[in-house]
Amino acid sequence: MQAYLETLIKSRLEQLGWKAPHIQLSRPKNADNGDWASNVAMILARELKKAPLQIAEELMEGMELDPHIVEKYEIVKPGFINFFQSTNYLTDELERVLELREDFGKNTIGKGKTAQVEFVSANPTGPLTVGHGRQTVLGDTLASILTSSGYDVTREYYFNNAGRQMRLLGESLKARYLQLKGSQTVLPDGGYEGLYLLDVAQKLLDEQPELSANTDVSIFKDYAEKSIFAIIKNSLERIGVVHDVFYNERSLYKDGKIEEVLGLLRDKDLIYEKDGATWFKTSELGVDQDRVLVKSSGEPTYRLPDIAYHREKVARGFDMVVDVFGADHIDAYPDVLSALKVMGLKHDHIHVVIHQFVTLVRSGEVVKMSTRKANFVTLDELIDEVGADVVRYFYIMRSASSHLNFDLDLAKRQTEENPVFYLQYAHARISSIFRRAKERGLKVDTSRADLALLDEEFTVALINETLAFPEVIERCLTTLEVHHLPNYLFELATALHKFYTEYKVIDLDQPDVSKARLALLDAVQVTLRNGLRILGITAPDQM
RNA sequence: GCUCCGGUAGCUCAGCUGGAUAGAGCAACGGAUUUCUAAUCCGUAGGUCACAGGUUCGAGUCCUGUCCGGAGUACCA
């Protein structure tokens, strides 16, 4: 419908020799204003120096509208052109939904293209926290949106296992291990205090009781990395997230990629030595100051491997790259991108999605989170308390650029007024109706239903809501903001519940109407299920 | 100081590239169940869209400035 009107208006503009601005077609909030509306006449008013109403008249005069699609149009006050879709159009589209089924909502924007989504990327120094959870769900859902748009998607987890952090982790584990053996060893300065390390230490002690203070730290480091990664992967699995690639920082060193980047930047004269460290002249690239790439200790800062990693991403030839980062990385990625730029590499296909922090509230108090301190809430604990479906929904119901207030007490309490259950109930409710229909001998035979019977107010509203699904997916894709999807599904559920209370679906006195309504519900359920699948939330048939 | 994000109903937040009367959930109050699941629906109340200017037919949305909250500004990641 949207596309149809757009091309129609565009060609008419050309006919008249008017310069086509961005044609805007929107769904008016008020049903009196039609199903679709365009402001094109008002936009043109300035340039043509004519009254918008007159422009609209001239525009519409020679327009040939297919009565099968558009029933009528109106030109109203400031200069809107309102289009009213025909019932035929609605039922045709509904039939299409029922043919497409699990493919309804998909588009082909990314057909034949590859995409990579990097997300989570937490270093294996501790269990995933509630903070990581947001990024996890955000990235996974974005990846699903891309898949629905035809992209061949790689979900990737990049982790840093070569730096100072991991050394500290090894030392921390060693201290814990020795403590278990009765030694008074203290944790290193800035070490990891989390109790999970004690568990890891206990396991190590059980497996290898012979280690001592003389044992090389690397033994402890590797063991810690392996153990903690197992914990992380288990958490990811619990909320249905599976990465295709775990990209290891250490490999960048092994393959000489770190050195290559330094060499390339040096060729551009953007590297210099000062105070024993190696600096990147970011001040020449629009940043307020230069950054250190290699510390005086000889260890690179996170920036350097990040640049090398992104160079690899470019080399791997993805058509689209999405990086999902927390707000604490806001300062790092511009350096990475400008480094790619000066190395002459493609970079405008890289999209960075920054999400704001999750503020955790427990008993009315804000919980400060730090992986190194012991007082953090893990993603696992959250899943234990509220369930994976609720966790997933809550994390993406808000836009990424907004701070997310996660009230733990509320989330735990929530079992009844929860939007997740509201949504799932809509799905289950339809299943229930289908079961009952079957009992009464009514077949859900969508191909034989006379959809033209679906013309009541709330029915049409429900159909319209259903048909909006593909637009929502597209919007998520173009904006890379996935919160539109849960919001939409909530509205669809509302439309369904309203329809349900208003009309009786199973009515043996009106078998034709019943059949048509069952077909409609089939389409609604297909849509709900498709949407929930993208969100990674289960669609129960019974609650 | 500078950079980025946010400030919309009591609370948590939507509001698509500027469009028609600013919405939802929760909380409050009042209703609906001889019925396909009431985990539902309907109604009432609740607003200076932080503030001040500007741009134009039209601003919650764009521009400038101010205030408030958060993040960053590290030889941490």
Side-chain angles (χ1 to χ4, degrees), chain A residues 22 24 26-30 32-33 37 39 42-43 45-46 51-52 76-80 82 121-123 125 160 163-165 168 190 274-279 287-289 291-303 305-306 326-332 334 354-357 359 371-372 397-407 410 414-422 424-426 428-437 439-440 442 471-472 474-475 478-479 481 483-484 487 490-491 493-494 496-498 500-507 514 517-518 521 542-543:
Chain A
H22 288 301
Q24 196 177 33
S26 58
R27 288 179 179 272
K29 291 170 212 156
N30 191 331
D32 294 341
N33 294 325
N39 65 347
M42 288 181 288
I43 301 272
R46 201 169 312 156
V76 288
K77 26 178 187 175
F80 286 104
N82 297 334
S121 296
N123 290 338
T125 56
N160 189 308
R164 195 185 76 101
Q165 273 198 343
L168 261 177
K274 192 182 89 182
D275 304 331
T278 305
W279 294 72
V287 184
D288 58 341
Q289 53 186 287
R291 311 286 192 193
V292 169
L293 289 185
V294 182
K295 299 184 251 179
S296 51
S297 68
E299 281 180 319
T301 62
Y302 63 94
R303 255 171 247 271
D306 270 10
D328 52 341
H329 282 66
I330 192 96
D331 217 52
I354 299 281
H355 72 270
Q356 297 300 311
F357 276 179
T359 306
T371 309
R372 288 177 210 182
M397 65 194 286
R398 306 300 182 209
S399 82
S401 58
S402 284
H403 291 250
L404 181 66
N405 263 351
F406 209 122
D407 188 329
L410 196 75
Q414 249 156 354
T415 49
E416 282 181 17
E417 329 98 289
N418 199 309
V420 183
F421 296 127
Y422 180 85
Q424 293 181 318
Y425 180 52
R429 197 168 222 185
I430 294 173
S431 292
S432 166
I433 293 171
F434 286 166
R435 281 193 297 271
R436 182 55 58 94
E439 279 171 28
R440 304 256 173 106
L442 267 174
E471 296 160 28
V472 176
E474 266 194 56
R475 209 166 127 205
T478 54
T479 60
E481 290 181 4
H483 68 281
H484 296 125
N487 289 346
F490 190 87
E491 278 168 25
T494 301
L496 182 271
H497 288 310
K498 261 184 198 170
Y500 175 89
T501 37
E502 199 69 26
Y503 313 110
K504 196 149 170 65
V505 177
I506 300 170
D507 184 352
S514 292
R517 286 178 179 164
L518 284 169
L521 290 193
Q542 210 163 4
M543 288 177 76

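Order of the sequence lines fixes the chain letters, A, B, ..., with proteins taken first and strands second; residue numbering starts at 1 for each chain.
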Any idea which of [options] is nearest the [X] side chain?
X	options	value
R440(A)	rG72(B), rC36(B), rA14(B)	rC36(B)
S399(A)	rC41(B), rA14(B), rC76(B)	rA14(B)
Y500(A)	rC75(B), rA38(B), rU12(B)	rA38(B)
R429(A)	rA39(B), rA38(B), rC42(B)	rA38(B)
H403(A)	rU12(B), rG70(B), rA71(B)	rG70(B)
S401(A)	rC5(B), rC76(B), rC13(B)	rC5(B)
R291(A)	rC76(B), rA39(B), rU73(B)	rU73(B)

How many Å lie between [atom1] on [X] and [atom2] on [N], as a whole number?
X	N	atom1	atom2	value
N418(A)	rC13(B)	CG	C1'	15 Å
M543(A)	rA38(B)	CE	C1'	13 Å
E481(A)	rG6(B)	CD	P	9 Å
I354(A)	rU73(B)	CD1	P	13 Å
D328(A)	rA77(B)	CG	P	12 Å

Roughly how many Å apart are [M] and [N], using the [atom1] atom of each and rounding to a whole number?
N	M	atom1	answer
rG15(B)	rG53(B)	P	28 Å
rC4(B)	rG46(B)	C1'	34 Å
rA71(B)	rG31(B)	P	47 Å
rC42(B)	rA38(B)	C1'	13 Å
rG6(B)	rA14(B)	C1'	14 Å
rC26(B)	rC41(B)	P	8 Å
rU33(B)	rG69(B)	C1'	46 Å
rA39(B)	rG23(B)	P	29 Å

For [N] and [X] - does any side-chain N or O of the residue sit under 4.0 Å from the phosphate oxygens OP1/OP2?
X	N	answer
Y422(A)	rC41(B)	yes
H483(A)	rG15(B)	yes
T501(A)	rU40(B)	no
H484(A)	rG15(B)	yes
Q289(A)	rC2(B)	no
R303(A)	rC75(B)	no

Base, sugar-phosphate, or nothing for [X], non-hydrogen atoms under 4.0 angstrom?
X	value
A277(A)	base
Q542(A)	base
T479(A)	nothing
Y503(A)	base
I506(A)	base
N160(A)	sugar-phosphate

Under 4.0 Å protein heavy-atom contacts per nucleotide of nucleotides 18-30 of chain B, with B for base, S for backbone only and - for none: -BBB--SS-S---

Distance-only donor-acceptor test, S296(A) side-chain atoms vs rC75(B) base atoms, 3.5 Å: yes

Intra- and interstrand pairs of RNA chain B - dot-bracket, Watson-Crick/G-U under 3.5 Å, | marks other strand: (((((((..((((.....[...)))).(((((.......))))).....(((((..]....))))))))))))....

Inter-residue atom distance H484(A).NE2 - E491(A).CD, 0.5 Å rounding: 11.0 Å

Distance in Å, I506(A) CD1 paired with E439(A) CD, rounded so as to fall on 0.5 Å steps: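 Spacing of CD1 (I506(A)) from CD (E439(A)) equals 8.5 Å.
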
Most 5' of A332(A) and A327(A) on RNA chain B, judged by nearest nucleotide: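 Per heavy-atom nearest nucleotide, the more 5' residue is A327(A).
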
Contact check, side chains of F434(A) and L521(A), non-hydrogen atoms, under 4.5 Å: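 Result yes, sub-4.5 Å side-chain heavy-atom pair found.
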
Expected output: side-chain N123(A) to main-chain N160(A) donor-acceptor under 3.5 Å: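 A pair under 3.5 Å: yes.
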
